[in-house]
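What follows is a set of notes on a single structure, which appears directly below.
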2 protein chains.
Amino acid sequence: MRNTRADVIAAALRVLDEHGLEFCSMRRVASALGVQPSALYHHVPDKQTLLALMADEIIRGVGGDDAAGLCRSLRSALLAVRDGADVVATAAAFRLGASGLEQRLARLVGPDGASTLLFYTFGHAQSTQTRRQAERFGALPGTDPDAVAAGSAPSQEADASFERGLDIILAGLGRR
Amino acid sequence: MRNTRADVIAAALRVLDEHGLEFCSMRRVASALGVQPSALYHHVPDKQTLLALMADEIIRGVGGDDAAGLCRSLRSALLAVRDGADVVATAAAFRLGASGLEQRLARLVGPDGASTLLFYTFGHAQSTQTRRQAERFGALPGTDPDAVAAGSAPSQEADASFERGLDIILAGLGRR
DNA sequence: ACCTGAACACCGTTCAAGT
DNA sequence: ACCTGAACACCGTTCAAGT
């Protein structure tokens with residue numbers, strides 16, 4: 001037995017994190033595995049399914065006691081791998097609601113609160129990752145080069161911004 | 001003068017609406033225009049720029065007096081063309097904040113309120129469009145076939161769901 | 001200015017065939 | 001069961017050349 005499905009998923013996540021979603025092709029995953037592209041189809045029916053399996057892996061272990069904790073945990077899971085928010089958001093649209101995460105949230109804040117929190121969390125994470133990549137090679141207007149070089153200022157402000165938006169939604173949920 | 005940049009954008013939007021983002025390739029836009037693929041590069045530097053121009057066109061005319069009206073107007077613009085939410089969300093990430101729409105919102109509800117509302121509106125619209133497409137050929141679990149056939153029930157519930165989430169965020173914003 | 005034709009370096013996926 | 005090799009129908013983009 002040369003490779004297993006778990007090997008394929010792990011290799012795909014490595015390629016994703018190193019090169020980004022745009023270059024995470026079946027052919028590249030295959031070559032990262034030292035195998036022909038066609039070999040992947042023995043483990044996975046198609047690319048869409050592979051992306052869904054990657055998404056499951058990315059959000060595996062997300063948890064928390066309250067709504068805010070759950071959202072923070074989800075957010076940090078999405079930000080842990082390059083383009084993670086994109087991968088999970090796209091895949092979650094097909095497999096309804098990110099692996100029961102929506103149900104867990106719904107139990108805490110109701111279905112409307114759950115979807116509102118999820119849309120916000122995914123949107124904010126996607127925006128953060130897009131900005132990160134723009135800074136990586138483009139020098140975004142209005143960005144302090146030193147702060148970018150330090151690598152801490154952008155994520156610090158992103159964290160604070162996320163908390164402020166979260167507070168707004170939670171305040172709205174409390175009003176009933 | 002055979003074709004202008006506006007012709008290219010219009011053709012691209014037609015292809016998008018008929019076939020979806022997945023099949024909205026430079027080659028298909030070219031053939032919709034009766035022209036060779038390479039001809040497009042006389043009007044547009046690359047595909048990413050064409051998508052940004054399409055996004056500008058999609059949200060052209062979005063407006064409103066208050067935050068809720070602005071969000072509703074944006075939402076209906078996104079839903080008016082197939083995969084519109086995806087196209088605008090991706091392009092808006094590069095050209096900051098959907099053509100000053102974020103600034104307009106920020107003036108009404110502050111910067112955190114603006115981004116929270118935008119993340120929510122884009123996320124909800126994307127989810128609605130993904131569901132629509134799943135229903136189009138896959139029969140989503142838990143969906144009433146008659147309601148799908150009628151074509152009104154899904155969008156009616158989507159509208160109501162959008163309003164409920166909007167209310168939550170606006171209530172949270174009012175609390176300050 | 002606008003377009004053609006040909007090429008380059010890629011894609012996802014299928015399928016017979018090997019071990 | 002797992003993989004190779006070759007093929008098919010696509011991509012985005014470049015570039016010389018035509019009118």
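Lettering of chains follows the sequences in order, A, B, ..., and the numbering in each one begins at 1.
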Got [X] and [Y] here, is their nearest side-chain heavy-atom distance under 4.5 Å?
X	Y	value
B:T90	B:L51	no
A:D7	A:R2	no
B:R27	B:P37	yes
B:L166	B:L117	yes

Look only at the side chain of A:S73 and the backbone of A:G63, and say whether a donor-acceptor pair between them is shorter than 3.5 Å.
yes

Using only atom types and a distance under 3.5 Å, with no angle test, would you say the side chain of A:D83 pairs donor to acceptor with the backbone of A:L21?
yes

Per the 3.5 Å Watson-Crick/G-U criterion and a run length of at least three, the stems involving DNA chain C are C:4-8 with D:12-16, C:12-16 with D:4-8

Encode nucleotides 7-19 of chain C as B, S and - characters from 5' to 3', where the letter depends on protein heavy atoms closer than 4.0 Å: B to the base, S only to sugar-phosphate, - to neither.
B---BBBBB----

Here the gap from B:R82 atom CZ to B:H19 atom NE2, rounded to the nearest 0.5 Å, amounts to 8.5 Å

B:Q36 has an atom CD; how far is it from atom P of C:dA6, in whole Å?
9 Å

In whole angstroms, how far is the P atom of D:dA1 from the NE2 atom of A:H43?
12 Å

Check whether the ring centres of A:F162 and A:Y120 lie less than 6.0 Å apart, and answer yes or no.
yes

Does A:R60 pair with A:E57 as a salt bridge, N-O distance under 4.0 Å?
yes

Check ion pair A:E22-A:R28 (N to O, under 4.0 angstrom):
no

Hey, can you pull the residues of residues 2-17 of chain B with a non-hydrogen atom under 4.0 angstrom from DNA chain C?
B:R2, B:N3

